[in-house]
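Bear in mind that the values here come from a model prediction, so they are computed numbers and not experimental data.
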Amino acid sequence: GYAQTAPNAQRIDNMTKALIRLEHIGKSFGSRPVLENISMQLMRGEITTLIGPNGAGKSTLVRIILGLLKPDSGSVQPSAELKIGYMPQKINIDPTLPISTCRFLQLANTSHSACHAALEKVGIGHLATAPVQTLSGGEMQRALLARAIVRNPNFLVLDEPVQGVDVTGQNALYSMIAELSKSLNCGVLMVSHDLHLVMSATDHVICLNQHICCQGNPEQVTQDQAYIDIFGQTTAVYAHQHDHQHSIHGEVLDQQGNHQHGEGCRHD
């Protein structure tokens, strides 16, 4: 369960958009501090992306948000209506285990019809009877995403959701996550090390390095000196399923990242 929540702390009002509120979270392992004074809100209908270097405390923070780890200090205040769906970074399945993709989802104690519906939502309904070991990297990520949404959560925690997927597949997965956030009316927390593609797929970015270095919309964060100190001066570029790209400001670029002049981008 959630730890260190003050007994008399009022639960987040159901009329607000906040699903989880963290206040002044601290966590150490032995004498090594991992998280210091973390305060944040995770909102319904908003995609939040957590970035940071290796050792920044991202996994520890996610475990605290999931209620799997107790903070040493501070409080975690979940909404009374909170229902989490979790997509792990990876999962190891015995290659000799005779299990179909649909049956893999049913391990979450859900009905056959609910599993089929979730697989259809992520675009792999046709693989319901396929052995889960035969799925490609992108198909497996979609199966894990289907498993996360199969019980209709209002908050998704996605740990490196596009790991092992090529760039085209990453774009498609990020678009799907955005669509699921809208159709399920849920909040999303994504953990990612991808500083380019992910910036087009998020509303709010939190840059973590044991403490919150900076946060805000993607443009604000990539221009923040704390972000630049960690990741360097980068120009975030993201791609649509078109023959061009956009800068983080929305300007149309060609495939080499040069500005295009003339007609603007059309999204028919």
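- C102 is listed as a side-chain neighbour of C115, based on a closest heavy-atom distance under 4.5 Å.
- In this structure, the separation between CD on Q215 and OH on Y227 is 15.5 Å, given to the nearest 0.5 Å.
- Nearest heavy atom pair, residue P153 against residue G85, reads CB-N, 3.4 Å.
- With contacts defined as side-chain heavy-atom distances shorter than 4.5 Å, the pair V62/D159 does not qualify.
- Remark: S28 OG to L35 CG distance equals 8.5 Å, nearest 0.5 Å.
- Taking CG of L68 as the reference point, atom OG of S59 lies at 11.5 Å (rounded to 0.5 Å).
- Within the structure, every pair that satisfies the side chain to side chain donor-acceptor pair (under 3.5 Å) test and touches residues 136-152, not counting sequence neighbours, is listed here: S136-E139.
- Between atom CD1 of residue I38 and atom CG of residue L22 there is a gap of 8.5 Å, rounded to the nearest 0.5 Å.
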(request) In sequence, state the C-alpha distance, the side-chain angles, and the governing distance for I65 and V76, and then conclude on side-chain contact (heavy atoms from CB on, under 4.5 Å). (result) CA-CA 7 Å; I65 289 169; V76 180; over 6 Å; no

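- Checking side-chain atoms of Q170 against main-chain N and O of V165 turns up a donor-acceptor pair under 3.5 Å.
- In this structure, N209 contributes its side chain and A56 its backbone to no donor-acceptor pair below 3.5 Å.
- The side-chain hydrogen bond (donor to acceptor under 3.5 Å, both in side chains) check on T202 picks up T49, with sequence neighbours excluded.
- At a cut-off of 3.5 Å, with distance as the only test, no side-chain donor of D224 or Q220 sits close to an acceptor on the other residue.
- Nearest heavy-atom pair across G216 and V221 is N-CG2, 3.5 Å.
- Counting only heavy atoms from C-beta outward, the side chains of I51 and I230 never approach each other to under 4.5 Å.
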(message) Checking F231 against C207 for the side-chain contact (heavy atoms from CB on, under 4.5 Å) test, could you report, in this order, the C-alpha distance in whole Å, the side-chain angles of both residues, the deciding distance, and whether it holds?
(response) CA-CA 10 Å; F231 297 110; C207 183; 3.9 Å; yes

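- For the atom pair CD (Q133) and OG (S100), the distance works out to 10.0 Å, reported to the nearest 0.5 Å.
- Listed here is the closest heavy atom pair of L119 and A146: CD2-CB, 3.9 Å.
- Rounding to the nearest 0.5 Å places CG of D94 at 10.0 Å from CG of N92.
- The ring pair (Phe, Tyr, Trp, His ring centres under 6.0 Å) contacts involving residues 90-116 comprise H112-H116, where partners must be two or more places apart or lie in separate chains.
- The shortest distance between side-chain heavy atoms of M140 and I93 falls below 4.5 Å.
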(request) Start with the C-alpha gap between M190 and L156, add the side-chain angles, then the distance that decides, and say whether side-chain contact (heavy atoms from CB on, under 4.5 Å) holds. (result) CA-CA 8 Å; M190 284 197 293; L156 288 173; over 6 Å; no

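- Using modelled atom types, no side-chain atom of S181 and backbone atom of I177 make a donor-acceptor pair closer than 3.5 Å.
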(message) Under the criterion side-chain contact (heavy atoms from CB on, under 4.5 Å), I'd like the reasoning laid out for N37 against H211: C-alpha separation, chi angles, the key distance, then a yes or no.
(response) CA-CA 6 Å; N37 196 30; H211 64 284; over 6 Å; no

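- Using a 4.5 Å heavy-atom threshold, the side chains of Y174 and S192 count as touching.
- Within the structure, ring pair (Phe, Tyr, Trp, His ring centres under 6.0 Å) pairs that include any residue of residues 36-81 do not occur (at least two apart or interchain).
- The minimum heavy-atom distance linking A108 with V150 is given by the pair CB-CG1, 4.3 Å.
- Pairs of residues two or more places apart, or lying in two chains, that qualify as salt bridge (Lys or Arg N to Asp or Glu O under 4.0 Å) and include a residue from residues 24-37 are K27-D72.
- Proximity of N154 to L82: side-chain heavy atoms (C-beta onward) are separated by under 4.5 Å at one or more points.
- For the salt bridge (charged side-chain N to carboxylate O under 4.0 Å, His left out) test, no residue two or more places apart in sequence or in another chain qualifies with K58.
- The environment of NZ in K83 is crowded: more than 12 heavy-atom neighbours from other residues, nucleotides or ligands sit within 6.0 Å.
- Closest of all the heavy-atom pairs between A118 and L105 is CB-CD2, 4.1 Å.
- Not one N or O on the side chain of S75 forms a donor-acceptor pair closer than 3.5 Å with the backbone of Q77.
- Between the side chain of T101 and the backbone N or O of A130 there is at least one donor-acceptor pair closer than 3.5 Å.
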